[in-house]
Protein chains: 2
Amino acid sequence: MDPVHDRLTDDTSNCPIALTLEVVGEKWTLLILRETLYGVARFDDFQRILGCASNLLAARLALLVEHGVLSVEQYQEPGQRPRPQYVLTEKGAALMPVITALQLWGDRYRPDPKGQVAVVKHRDCGAEVQLSLHCAKGHEIHGAAEAEITRGPGARRKA
Amino acid sequence: MDPVHDRLTDDTSNCPIALTLEVVGEKWTLLILRETLYGVARFDDFQRILGCASNLLAARLALLVEHGVLSVEQYQEPGQRPRPQYVLTEKGAALMPVITALQLWGDRYRPDPKGQVAVVKHRDCGAEVQLSLHCAKGHEIHGAAEAEITRGPGARRKA
DNA sequence: CGGCATCCTTAGGGATACTG
DNA sequence: CAGTATCCCTAAGGATGCCG
């Protein structure tokens, strides 16, 4: 193979960030997931709260289910007919740091004129949730400068 | 105003997550930021590595500069003509947890067949960077179940 | 080298209407 | 209530070419 053609026609294919964005990168997806963290589970509620088109919502939910981020469960209130509800899987719940990171950044750097809209709190003690980076040995990392990203074994050559 | 019309024509306007996504939610934006964390700073390098169209790249960079996430600096190597370079501002560096969260999730749940492409390490000790959620009082939060999101004072009624 | 201008094409997404 | 199905339309994005 000509090394010149060793181009990245598709960087997406080997970057974990891009791979993640494939799942949650579309406009409404993270907002849907945010709502699931609030406890929203029903189609109707998603739509009303988010105000997005039903076809879109259906498509996103299906995608998330397909990716194993959400699962559909049937539930039935006594006397009612059964309804589907969407709940986070473990894989989906693991996206919480992403949501939280986005939220904390937004709170800090794009404050809403109307005041804080949502707060993430520890269920037990009620204190606000924070997020920290630290290394495997326990050292806290305060900023980008204290870390470095190195291309691992799977990375493309060249740069 | 008719309460019925108290609809969220634009939920975007008061959700910190949506506000953040306004800045970094587009397809290439986070990948550009990822590269800045790698130390990439020049137009040419971004384009070659990401493989995206130059007009797009220019537009994204301009947007990020406009939002104060990146700043443009002129630098000049001796004997060379001056060139602009794009560097993270403090505001931009604060997005690192977002990037890291996405990356860690991708590594864990969407492993690349070719092996890990990139690793984030603590500059001092070389150990891998991790991310944790904890509350203001120091309690570690292990999953979404231990936290709850509550709509704050600025939130819309109804739901 | 670091862009902006232009053209073109498509995919994403909003609105609306219909169905089990 | 929980979606499908359709239509339309804009904006995002790729390709290409030009300019300081």
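Chain letters run A, B, ... following the sequence lines, proteins first and then strands; every chain starts at 1.
Candidate nucleotides D:dA12, D:dT4, C:dC1 were compared by shortest atom distance to the side chain of B:Arg60, and D:dA12 ranks first. Here C:dG14 is the nucleotide among C:dG14, D:dG3, D:dA2 with the atom lying nearest to any side-chain atom of A:Ala53. The side chain of A:Arg42 has D:dC1 as its nearest neighbour among C:dG3, D:dC1, D:dG13. Side-chain proximity of B:Cys52 to the nucleotides D:dG14, D:dA2, D:dG3 is greatest for D:dG14. With D:dG14, C:dG3, C:dG13 as the choices, the nucleotide that has an atom nearest any side-chain atom of B:Lys27 turns out to be D:dG14. Minimum atom distance to the side chain of A:Phe43 is reached by D:dA2, of the listed D:dG14, C:dG3, D:dA2. Comparing D:dA12, D:dA2, C:dG14 against the side chain of A:Leu56 picks out C:dG14 as the nearest.
Counting only heavy atoms from C-beta outward, the side chains of A:Arg110 and B:Glu22 approach each other to under 4.5 Å. With contacts defined as side-chain heavy-atom distances shorter than 4.5 Å, the pair A:Val23/B:Trp105 qualifies. Side-chain contact between A:Trp28 and A:Glu35 is absent, with no heavy-atom pair separated by less than 4.5 Å. Taking the side chain as every heavy atom from C-beta outward, B:Val120 and B:Gln103 approach each other to under 4.5 Å. Side-chain contact check for A:Thr36 versus A:Phe46: some heavy-atom pair is nearer than 4.5 Å.
In this entry the distance linking CD of B:Glu73 with P of C:dG2 reads 15 Å, nearest Å. What separates CG of B:Asp44 from C1' of C:dG2 is a distance of 8 Å, to the nearest Å. Spacing between atom CD of B:Glu22 and atom P of D:dA11 amounts to 15 Å, rounded to whole angstrom units. Regarding A:Asp45, its CG atom lies at a distance of 12 Å from the P atom of D:dG3, rounded to whole Å. Straight-line distance from the CH2 atom of A:Trp28 to the P atom of C:dA11: 22 Å, rounded to whole Å. D:dG3 atom P lies 15 Å from atom CG of A:Leu63, rounded to whole Å. If you take CZ of B:Phe46 and P of C:dC1, they are 15 Å apart, rounded to a whole angstrom. A:Leu61 places its CG atom 7 Å from the P atom of D:dG3, with the value rounded to the nearest Å.
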Derivation of the side chain to side chain contact (heavy atoms under 4.5 Å, CB included) call for A:Val129 and A:Leu104: CA-CA 9 Å; A:Val129 167; A:Leu104 292 176; 5.7 Å; no
Side chain to side chain contact (heavy atoms under 4.5 Å, CB included) between A:Leu88 and A:Leu95, intermediate numbers included: CA-CA 10 Å; A:Leu88 286 171; A:Leu95 281 167; over 6 Å; no
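Direction of the helix axis in the helix from C:dG2-D:dC19 to C:dG20-D:dC1 shifts by 40° between the two five-pair termini, rounded to 10°.
Following chains of ILVMFWY side-chain contacts shorter than 4.5 Å, one can reach A:Val69 starting from A:Val65, so the two form part of one hydrophobic cluster.
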Considering only nitrogen or oxygen atoms on both sides, find all protein atoms under 3.5 Å from nucleotides 6-10 of chain C and state each distance.
from	atom 1	to	atom 2	distance (Å)
C:dT6	O4	B:Asn55	ND2	3.0

When you compare the protein's N or O atoms with those of nucleotides 18-20 of chain D, which come within less than 3.5 Å of each other, and at what distance?
none

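No donor-acceptor pair under 3.5 Å is formed between the side chain of A:Thr89 and the backbone N or O of A:Ser71. Formation of a donor-acceptor pair under 3.5 Å by the A:Thr29 side chain with backbone atoms of A:Gly25 is not found in this model. A distance-only check finds no donor-acceptor pair linking the side chain of A:Arg34 to the backbone of A:Ile99 [under 3.5 Å].
Separating the CG atom in B:Leu31 from the SG atom in B:Cys52 is a distance of 9.0 Å, to the nearest 0.5 Å.
Within the 4.0 angstrom heavy-atom criterion, only backbone atoms of the sugar-phosphate kind lie near B:Tyr86; the bases stay farther away.
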